[in-house]
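All remarks here apply to the structure that follows.
In listed order, ligands and their atoms are each counted from 1. Below, all heavy atoms of this structure are taken into account, side chains as well, without hydrogens, waters or symmetry copies.
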Amino acid sequence: MRKSFILTVLAGAALLSACNRPVPVAQDGTDLWLAASRPYSEVLASVQADIDPALPAEAFHIYDADGQRHVAAGSEAGLRYGVYALQRAEALGQAGPGMDLQEQPFYDLRLLNHWDNLDDTVERGYAGESMWEWTSPAIPEARIRQYGELCASVGLNGAVLNNVNSNPLILDAEHIARVAKIADILREYGIKTYLSIKWTSPIALNGLKSGDPLDPKVRKWWKDKAAEIYAAIPDFGGFLVKANSEGQAGPQDYGRTHADGANMLGEAVAPYGGIVMWRAFVYSPTSPDRANQAVEEFLPLDGKFADNVIVQIKNGPVDFQPREPFSPLFGKLKDTKMMMEFQVTQEYLGFSNHLAYLGTMWEECLKSDTYRDGPGTPVSKTINAIAGVANTGRDPNLCGYVFAQANWYAFGRLAWNPELCAEQIADEWIRQTFLKPEGMSDKAFTAKFVEPVLDIMMNSREAVVNYEMPVGLHHLFGGTHYGPAPWDRLGRPDWTPAYYHKADSAGIGFDRTREGSDNVDQYNEPLASTFNDLATCPENLILWFHHLPWDYRLSSGRTVWEEICLHYDTGIYQVETFRRTWAGLKPYVAPALWEEANKKLEIQQHDAEWWRDANVGYFQRINGLPLPSDVRPLDTPIDSLIYRQVQSDRLGMPIHDENNRPVILAPRFRRPM
Ligand code: GCW
């Protein structure tokens, strides 16, 4: 009797705990951050929506009055942003009675740049082939609509559809007609369509003899082309241009300046209200410091660009590295409109394999003080507009990894308001993307799931810096930009890691001080002196600005060598921690999403080990120093890694074996160190 009573109680308790156990809601990541929201049309139908001409065009005001929720806005676009803001607030549990939210975007131009090619490949794209499906007869309308909705939901209002390494055929009649169809769909979501152009298009398409921007025939060609485009797309946004950069032709080939070229195009689109975004990503192989070149070329042109021209500048002076200081141009140009170019696609941060939340990186850049107009002039305030190189593709989840979706979201939110903090954005994203398991309270979901995931995301970019290139090291990549190749010194110097790390038996780092390339003086004081002086240079950039002996002691009391080793080790440790945390989150996540991240985190750990083994092993060969006693020994000897690269598939994605380890290819030929 007694025994059966105990058994009954135990069975009851087991049943109770089974009932209380959260049941993950099935989802596969294809709804991105709209997973937890009511449909837009439903939110719109639930409010009194009014255009209030007193409000700025893109501004909205959500408020409650007369027992009703109102969304007032300066225009249809503002109304759309207001309804999406309400949708987000609902999903975040912030839309209770008495809600009062008034916002307007910080920048007028908030664009994604797609590096999509007309053959459907995507340069640095890690989510499958081009989402625009250039080679198919039909337009992928459903995907474009989903994209439009996702962009609009975070306030993005422009898309450059094709690669800056542009194919001239984008401007032929057939492609203009196709682009017009895409533009018709995007317009419904408030997104303007732009195109990247190839400088030599008049030559390639119509056999002109020259591309000289001062040649009347060339000027006429572009004016006619603009007229043709605007006839098909009346609200076409304008052109994005990569000229005289990495083999692309430009006005300098005809003895003209960037301003001559940009203004010529500006004149062509001006009658229709179009703009030209002219990239400052320029550098020649002969200069002693690539980081100096944008300022050298563009500062003399300050004030010479037409009103509808905007210079688009990458966040750092070299190239989207895991950590760079901000580009000094942001603090130098005073009479030129400037546009930020961030890279949402993770070209240098593990593609769509690594969890690297970039909100923190962008926040670091936007909040950096340029001192251009005195203290308190952050990058966010010297720029007039913002663009991000998209990470979208044809994969069902659009980004190739659920955690890569967070970067698109974060980019949009920062483009809307660069003063938002990365942590808040990540918190919002998690709550909108991952559905709360059934039977779980908000409080429990926050404590058991949201906070641990937030912790992973907030530490993730620094982990990548640690295991790829810490303490200011940069560009230690092999050709694919996925794995390490510190040994590479063959070919164009400023495309090789050895140019950047300058390691020899005595020391390591790029001397950009006044004794070296004097890059520091491209920054305004007091930054110039802060970077120049070893005692004040931030240590996370120290080897960016200084060449130091291996035994130079940093503030920790450790030598440069010891710090390098420790950071690589820490990076791996951080990824191991992410894996452990994620393993414990299994009860709260849909199996498809949990499995995806579980596998990718394992890949990330193995890649991190490869990065550490390759770099520490290589530098050790050069300096002959032992590993510090408190770091773990290397797994793979440098002899099995040197001169080797990961195997890639047709689209450039690295291949990993069944144990999720990178498949490293034997060198095709032996090269000198
Ligand atoms: O970082 C380099 C990339 C190129 C890219 C170029 C650019 C589109 O490796 O793939 O080309 O930058 O930004 O123009």
Other residues, nucleotides and ligands only: do more than 12 of their heavy atoms fall within 6.0 Å of CG on Asp108? no

Within a reach of under 6.0 Å around NZ of Lys181, are more than 12 heavy atoms found that belong to other residues, nucleotides or ligands?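 12 or below, so no.
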
Of the listed options Gln321, Lys242, Lys314, closest to atom 12 (O) of ligand 1 (non-hydrogen atoms): Lys314

Atom 1 (O) of ligand 1: which of Asn163, Asn113, Val389, Asp319 has the nearest heavy atom?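 When every heavy atom of Asn163, Asn113, Val389, Asp319 is considered, Asp319 comes closest to atom 1 (O) of ligand 1.
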
For ligand 1, which atoms sit closer than 4.0 Å to a heavy atom of Phe281? 6 (C), 7 (C), 12 (O), 13 (O), 14 (O)

Where ligand 1 meets His481 - atom numbers and elements under 4.0 angstrom, heavy-atom basis: 9 (O)

Any heavy atom of Tyr348 under 4.0 Å from ligand 1? The part involved is side chain

Have a look at ligand 1 and work out which part of Trp115, if any, has a heavy atom under 4.0 Å from it: side chain, backbone, both or neither.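 It is the side chain that gets close, since no backbone atom is under 4.0 Å.
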
Among all protein non-hydrogen atoms, which one is nearest to [atom], and what is the separation to 0.1 Å?
atom                    : answer
atom 3 (C) of ligand 1  : Glu347 OE2, 3.2 Å
atom 11 (O) of ligand 1 : Glu123 OE2, 3.0 Å
atom 6 (C) of ligand 1  : Glu246 OE1, 3.2 Å

Under a 3.5 Å threshold, yes or no: a donor from one side chain and an acceptor from the other, between Ser517 and Asn519? no

With respect to Asn165, determine whether any N or O atom, backbone or side chain, lies less than 3.5 Å from an N or O atom of ligand 1. yes

Would you kindly check if the NZ (Lys) or CZ (Arg) of Lys192 is within the cone defined by 45 degrees around the ring axis of Tyr194 and under 6.0 Å from the six-membered ring centre?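 The answer is no; the distance or angle limit is not met.
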
Taking the six-membered ring of Tyr107 (Phe, Tyr or Trp), confirm whether the NZ or CZ of Arg110 is under 6.0 Å from its centre and within 45° of its axis. no

Under a 4.0 Å threshold between the charged nitrogen and the carboxylate oxygen, would Lys332 count as salt-bridged to Asp302? no

Answer yes or no: is there an ion pair linking Arg492 with Glu246, defined by an N-O contact shorter than 4.0 Å?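 Salt bridge: no.
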
